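Protein chains get the first letters and strands the later ones, always in sequence-line order, with residue 1 at the start of each. What you see is a predicted model; the values in this text were computed from it and never measured.
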Protein chains: 2
Amino acid sequence: MIPTQTKRKTKEDILELSGSLFAQFGYDGVSMRDVAFATGITPATLYHHFSDKEHLYLEVVEHEFREKSAELTIILNGTDSPWIRMERFIRNLVQIVAIDGNFLRLMQWVRLDSDEVRQNKLAEHVFKDLFVAVRDLVAELDSGYDPYMAAMSVFGIVLFSFEAGPVRKLMPGHSPDHDNPDVWANHVIDLLRIGLRKPEDNKC
Amino acid sequence: MIPTQTKRKTKEDILELSGSLFAQFGYDGVSMRDVAFATGITPATLYHHFSDKEHLYLEVVEHEFREKSAELTIILNGTDSPWIRMERFIRNLVQIVAIDGNFLRLMQWVRLDSDEVRQNKLAEHVFKDLFVAVRDLVAELDSGYDPYMAAMSVFGIVLFSFEAGPVRKLMPGHSPDHDNPDVWANHVIDLLRIGLRKPEDNKC
DNA sequence: GTCTATAGTTTGATAGAC
DNA sequence: GTCTATCAAACTATAGAC
């Protein structure tokens, strides 16, 4: 029998596992011991792969974000009409944050437990491209709004419900329908189709 | 000279000061020592006022939220027409989160670093009333959307830009105008005035 | 590359004097 | 009510053997 290496942990295995931990408990809520024991190595070995906790965290965030934003960027830069691309983008983003609860949590943590240095690095080097793609698509829609603000509004309207998480489900009026990602996507698309349409289509 | 008691710390003084600390650094980022020394007392004295860290935190969140939501609830339950109330609510909420950066950060922390028990307590006992008031106002607008989802959308579109904080200001397209709360309030109101109007007003 | 062992801090919480 | 003094546990990071 050929000896396999399934037990040997690659750097990517460490990133995936610690990504899940950081998403659940944040930077301060996860110790290097936790990461080490979760991956089946000792803390000293972990320090062999990553110079310190800060660099481990930065690599985790970049890894998770690039993984999710790759498909979104393809949709945004596609050749369909602007509205079709926006609709596909919204459906895809809702799917991502609905299925993988960890991704959105990690992004929420970054905004709270990172100092300005870390936020600068990530904004410039990791987050910027996706925002620009959304902003440019919004501009193509020609709705008359400031594209920067309109892009923020799109992210807000899509993401907030999922960021609210457990608290949201405890608010009065919640029904099982509201746990269905498609229902949310349809709602957001309906709202934005009206709110973001061209001014001349609004005249009577 | 009559002896003053300005140096004596009341329970409310402790809540205000530790509220600022928890908003900046989160539950795990603030030690009981930090709170004690910031208020000029010793840890042992702090434990005389609050049974443990958990109860201090819960009282802080409730104190901060009730302080801000009081004026909002008055607007929402007022006698103006639904649209006027919605507009005033949005302007007021934007002012609150723009002026007091700590408030929104504290609410973001709660969603991330609280277990289900703590979230249940706060959702039921603190957050619920404001959400219901917004949901009912949205229902009055009669736009045809599910009021629960539409209310979430309103919160998302208003709050997300401010929750994004420092990262937002690093995104391409940012201009000094975007640091002005009134500009944001006007943008949100414009978008929602179109998106949330009655269906029959949409027919040509 | 992986381990054991540990240095040096900081944490939440308490005991007991005044 | 406020203090000094203290505890057991957990933390990041490193040194040095194999």
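Listed by chain and number, the residues in a side chain to side chain donor-acceptor pair (under 3.5 Å) with H48(A) amount to none (sequence neighbours excluded). When the side-chain contact (heavy atoms from CB on, under 4.5 Å) test is applied to N186(A), the partners found at least two apart in sequence or on another chain are R91(A). Residues passing the side-chain contact (heavy atoms from CB on, under 4.5 Å) test with P172(B), sequence neighbours excluded: K128(A), F131(A), V132(A), R135(A). For the ring pair (Phe, Tyr, Trp, His ring centres under 6.0 Å) test, no residue two or more places apart in sequence or in another chain qualifies with Y47(A). Taking Y145(A) as the reference, H187(B) meet the ring pair (Phe, Tyr, Trp, His ring centres under 6.0 Å) condition, with sequence neighbours excluded. Every ring pair (Phe, Tyr, Trp, His ring centres under 6.0 Å) that H174(A) has, sequence neighbours left out, goes to H178(A), Y148(B). The side-chain contact (heavy atoms from CB on, under 4.5 Å) check on R118(A) picks up Y27(A), E54(A), Y57(A), L58(A), D113(A), S114(A), D115(A), L122(A), with sequence neighbours excluded.
At whole-Å resolution of the value, CG in D13(B) and P in dG1(D) are 14 Å apart. In this entry the distance linking NE2 of H49(B) with P of dG1(D) reads 7 Å, nearest Å. Per the geometry, CG belonging to L46(B) stands 15 Å off P belonging to dT4(D), to the nearest Å.
Put simply, S31(B) has a side-chain N or O that comes within less than 4.0 Å of OP1 or OP2 on dT11(C). The phosphate of dC3(D) (OP1 or OP2) has a side-chain N or O of T45(B) nearer than 4.0 angstrom. Taking side-chain N and O atoms only, H48(A) has no distance below 4.0 Å to OP1 or OP2 of dC3(C).
Residue V30(A) is in sugar-phosphate contact alone, with no base atom involved, counting any heavy-atom pair closer than 4.0 Å across all strands shown.
One N or O on the side chain of R168(A) and one on the backbone of S161(A) form a donor-acceptor pair closer than 3.5 Å. Proximity of a side-chain donor or acceptor of D13(A) to a complementary backbone N or O of T10(A) within less than 3.5 Å is detected.
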Worksheet item: With the sugar-phosphate defined as primed atoms, P, OP1 and OP2, and the base as all remaining atoms, what B/S/- string results for nucleotides 13-18 of chain D, 5' to 3', for protein heavy atoms under 4.0 Å?
Response: BBB---
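You'll find that the side chain of T42(B) is closest to dT4(D), out of dT4(D), dT4(C), dC11(D).
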Worksheet item: So what's the dot-bracket for DNA chain C: Watson-Crick or G-U pairs under 3.5 Å, [ ] if a pair crosses, | if it pairs off-strand?
Response: ||||||||||||||||||
